[in-house]
Amino acid sequence: MRSALETPVRVRFAPSPTGYPHLGNIRTALFNWLFARHHGGKFILRIEDTDSARKVEGTVEAIMESLQWLGLNWDEGPYFQSQRLAIYHEITRSLLEKRHVYLCYCSPQRLETMRQEQARRKQPPKYDRHCRDLTEEERSRLETTGVSSVVRFKMPLEGETTFCDLIHGSVTFRHDTLDDFILLKSDGYPTYHLANVIDDHLMAVSHVLRADEWLSSVPRHVLLYRALDWQPPQFAHLPIILGPDRTRLSKRHGATAITEYQRQGYLPDAMTNFLALLGWSLDDRTELLSRDELTKHFSLERVGKTAAVFNRDKLDWMNGVYLRQLSLDEFVQQAMPFLDRDLPESVKRPLDKSFVSGVLSLIQERARTLAEVPQLTSFFFADELQYDARLLLGGKLETKPAVQAITAASKRLAEVEAWDAAVLEAILRPLASELGLSTGKLFGLLRVAVTGCTAAPPLFQTMAVLGREKCLQRLNTAVEVLSAHSD
RNA sequence: GGCGCAUUCGUCUAGGGGUUUAGGACACCUCCCUCUCAAGGAGGAGAUCACGGGUUCGAAUCCCGUAUGCGCCA
């Protein structure tokens with residue numbers, strides 16, 4: 001067996017453009033990238049687009065965009081398998097010459113009835129090798145009729161193949177449980193097995209890190225490498241990521257496309273950190289790791305074997321941690337596009353940067369995603385607040401004392417010279433006792449009057465950012481709301 | 001149907017025969033801080049380590065079955 005040190009590390013991320021990349025795909029990409037960076041190797045991007053029927057428009061772009069968003073830069077590629085058909089054909093020809101493969105002329109109908117028969121007899125579906133030993137005459141007769149053919153691999157009839165997976169250890173498959181799988185389809189396109197093996201070899205891929213579901217295909221691949229006289233790469237099959245219902249991730253689980261997480265306001269670094277911990281861990285306590293720390297410590301030995309359920313709550317928590325770690329300027333820069341996108345249309349654009357900065361300083365530690373920012377701050381930008389009078393009273397106050405309290409506060413605030421949080425507090429705190437109200441009641445009342453919400457950033461800081469004019473105006477409105485309300 | 005892989009708190013995980021009364025994180029609960037919400041701090045609850053057999057003085061850790069889940073083969 002080759003050791004990782006002998007050959008330069010070259011890994012690849014090889015998605016099919018059949019759908020937008022989701023968490024599972026990207027996690028595979030991340031592990032490949034981390035492995036490459038850890039070993040100072042190369043990370044290759046290869047698009048396995050040989051199944052034209054399932055190709056989905058725009059996915060190649062989405063794949064590249066997703067990788068770029070997460071900072072998973074590739075060193076080579078993208079290579080496209082659809083542009084390498086001549087290579088696959090040539091190598092298939094050499095396999096034919098060496099009799100490792102054969103042409104199969106069986107019609108889809110024949111195969112279908114065969115399968116049904118096998119299913120009826122509860123036998124494993126397996127090609128019956130009808131064309132494996134055709135005589136030359138039979139073959140040329142079929143050729144002249146112009147029937148289409150596929151190329152199948154001659155699976156050894158006995159024996160077994162054992163290989164060592166870097167994560168699972170030694171795995172063995174008996175040949176008689178495997179069938180003569182197809183290498184080249186009748187339309188001339190290679191199957192995954194053929195194209196994948198050829199490309200990995202030609203691109204000098206040293207380690208194949210891919211999802212667990214390919215584990216059962218490895219014996220086929222190993223046998224193919226042998227037939228071609230090539231040295232197989234090292235394999236590492238990664239545990240898959242499951243949805244909350246313990247089934248594989250799919251469109252049913254909502255935001256599957258990784259770009260959707262970008263839209264929902266997750267930071268690339270948080271996403272990377274979170275994904276890295278799905279199937280890998282550093283030790284028994286470290287949860288937060290920077291990109292550099294991840295590449296420094298990443299190793300296949302610490303990759304687990306069991307499928308992991310994606311836990312949105314933990315992602316949210318982690319994103320909040322990363323959001324709080326940002327400097328205010330960085331936070332403003334990150335949040336600005338979300339404000340632009342989601343604040344009501346009535347709010348004038350462009351937004352004033354210094355006002356936004358003041359606003360955001362108050363909610364940075366309260367937001368878990370950037371997409372929450374507009375909701376958390378919309379009252380700062382609104383012209384008029386919408387709320388019910390009962391919200392002001394909070395079930396604790398009568399209308400009259402409430403009106404008195406607001407009026408008294410307004411009066412004092414109108415006279416304040418310096419409009420900042422400390423001064424406001426120095427004015428309003430004593431007012432509570434003067435009015436015979438608890439600070440909780442007074443501040444709660446003012447909070448609703450000024451923000452329209454019962455939960456908001458600290459009152460004095462909020463008022464300081466909002467500015468005197470807007471605060472007084474809103475207190476006024478609150479009095480009107482209360483007056484119109486009878487209890 | 002055959003083959004393969006997996007199985008530790010709800011979830012992510014630590015754990016490679018004795019240091020384990022199974023550790024950490026998210027979520028949950030309580031308390032502290034406090035003008036609300038967060039953040040932060042302190043604590044709590046939560047896993048007979050899927051089950052059953054072995055091996056061993058001793059097993060979550062090794063072996064064998066069973067079950068369940070997932071995957072591959074069409």
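Below, chains carry the letters A, B, ... as their sequence lines are ordered, and counting in each starts from 1.
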### Message
Considering every strand and a 4.0 Å limit on heavy-atom distances, what is the contact class for A:Ala308: base, sugar-phosphate, or nothing?
### Response
sugar-phosphate
Identify all pairs in which a protein N or O lies below 3.5 Å from an N or O of nucleotides 32-35 of chain B, and state each distance.
{"residue": "B:C35", "atom": "OP1", "partner": "A:Arg429", "partner atom": "NH1", "Å": "3.1"}
{"residue": "B:C35", "atom": "OP1", "partner": "A:Arg429", "partner atom": "NH2", "Å": "2.9"}
{"residue": "B:C35", "atom": "O2", "partner": "A:Arg447", "partner atom": "NH2", "Å": "2.0"}
{"residue": "B:C35", "atom": "N3", "partner": "A:Leu459", "partner atom": "N", "Å": "3.2"}

## Note on the structure
So salt bridge (charged side-chain N to carboxylate O under 4.0 Å, His left out) across residues 452-463 of chain A, not counting sequence neighbours, yields none
### Query
When all nucleic acid strands are considered with a 4.0 Å heavy-atom cut-off, which category describes A:Arg302: base, sugar-phosphate, or nothing?
sugar-phosphate
### Check against ring pair (Phe, Tyr, Trp, His ring centres under 6.0 Å), A:Tyr266 and A:Phe274
CA-CA 11 Å; A:Tyr266 294 92; A:Phe274 175 77; 8.8 Å; no
### Task
With sequence neighbours excluded, tell me which residues meet ring pair (Phe, Tyr, Trp, His ring centres under 6.0 Å) with A:Phe338.
none
### Query
Which part of the nucleic acid, if any, lies within reach of A:Gly279 when heavy atoms closer than 4.0 Å are counted: base, sugar-phosphate only, or nothing?
sugar-phosphate
### Task
List for me each residue that meets side-chain hydrogen bond (donor to acceptor under 3.5 Å, both in side chains) alongside A:Thr177, sequence neighbours excluded, and say none if there are none.
none
Pick out the pairs of N or O atoms, protein on one side and nucleotides 1-3 of chain B on the other, that lie under 3.5 Å.
{"residue": "B:G1", "atom": "O4'", "partner": "A:Lys122", "partner atom": "O", "Å": "3.3"}
{"residue": "B:G1", "atom": "O2'", "partner": "A:Lys122", "partner atom": "O", "Å": "3.1"}

Please tabulate the protein-to-nucleotide N/O contacts below 3.5 Å involving nucleotides 40-49 of chain B, giving atom names and distances.
none

### Query
Relative to each other, are the rings of A:Phe355 and A:Phe380 parallel, tilted or perpendicular (30° and 60° limits)?
perpendicular
#### Entry: Interatomic distance, A:Thr18 atom OG1 to A:Asp49 atom CG [nearest 0.5 angstrom]
10.5 Å
#### Entry: Among B:U11, B:U36, B:A6, the nucleotide that comes nearest once only the side chain of A:Asn311 is considered
B:U11
### Task
Please state whether the rings of A:Phe35 and A:Phe298 are parallel, tilted or perpendicular, taking 30° and 60° as the class boundaries.
perpendicular
### Task
Give A:Ile240 one of three labels, base, sugar-phosphate or nothing, depending on what nucleic acid heavy atoms sit under 4.0 Å from its own.
sugar-phosphate
#### Entry: Residue pair A:Glu158, A:His175: steps toward the side-chain contact (heavy atoms from CB on, under 4.5 Å) verdict
CA-CA 6 Å; A:Glu158 48 194 36; A:His175 297 330; over 6 Å; no
### Message
Taking salt bridge (charged side-chain N to carboxylate O under 4.0 Å, His left out) as the definition, give me every residue that meets it alongside A:Arg12, ordered by chain and number, with sequence neighbours left out.
### Response
A:Asp200
Hey, what are the protein-to-nucleotides 20-23 of chain B N/O distances that come in under 3.5 Å?
{"residue": "B:G23", "atom": "O2'", "partner": "A:Arg285", "partner atom": "NH2", "Å": "3.3"}
{"residue": "B:G23", "atom": "N2", "partner": "A:Asp284", "partner atom": "O", "Å": "3.2"}

### Task
For A:Thr454, answer base if it contacts any base atom (sugar-phosphate contacts may also be present), sugar-phosphate if it contacts only those atoms, and nothing otherwise; contact means non-hydrogen atoms under 4.0 Å.
base
### Task
Identify whether any heavy atom of A:Glu213 sits under 4.0 Å from a base atom; if not, whether one sits that close to sugar-phosphate; answer base, sugar-phosphate or nothing.
sugar-phosphate
### Message
Enumerate the salt bridge (charged side-chain N to carboxylate O under 4.0 Å, His left out) contacts for residues 104-117 of chain A, please, sequence neighbours excluded, ordered by first and then second residue.
### Response
A:Arg110-A:Asp128, A:Glu112-A:Arg115, A:Glu117-A:Arg120, A:Glu117-A:Arg121
### Query
For A:His168, which residues count as a ring pair (Phe, Tyr, Trp, His ring centres under 6.0 Å) partner, sequence neighbours excluded?
none
#### Entry: Distance-only polar pair, side chains of A:Glu260 and A:Gln264, donor-acceptor under 3.5 Å
yes
## Note on the structure
Residues pairing under side-chain hydrogen bond (donor to acceptor under 3.5 Å, both in side chains) where one sits in residues 420-434 of chain A, two or more places apart or in two chains, turn out to be A:Arg412-A:Glu434, A:Glu425-A:Arg429
## Note on the structure
Per-nt protein contacts along nucleotides 59-69 of chain B (heavy atom under 4.0 Å; B base, S backbone sugar-phosphate only, - none) come out as -----------
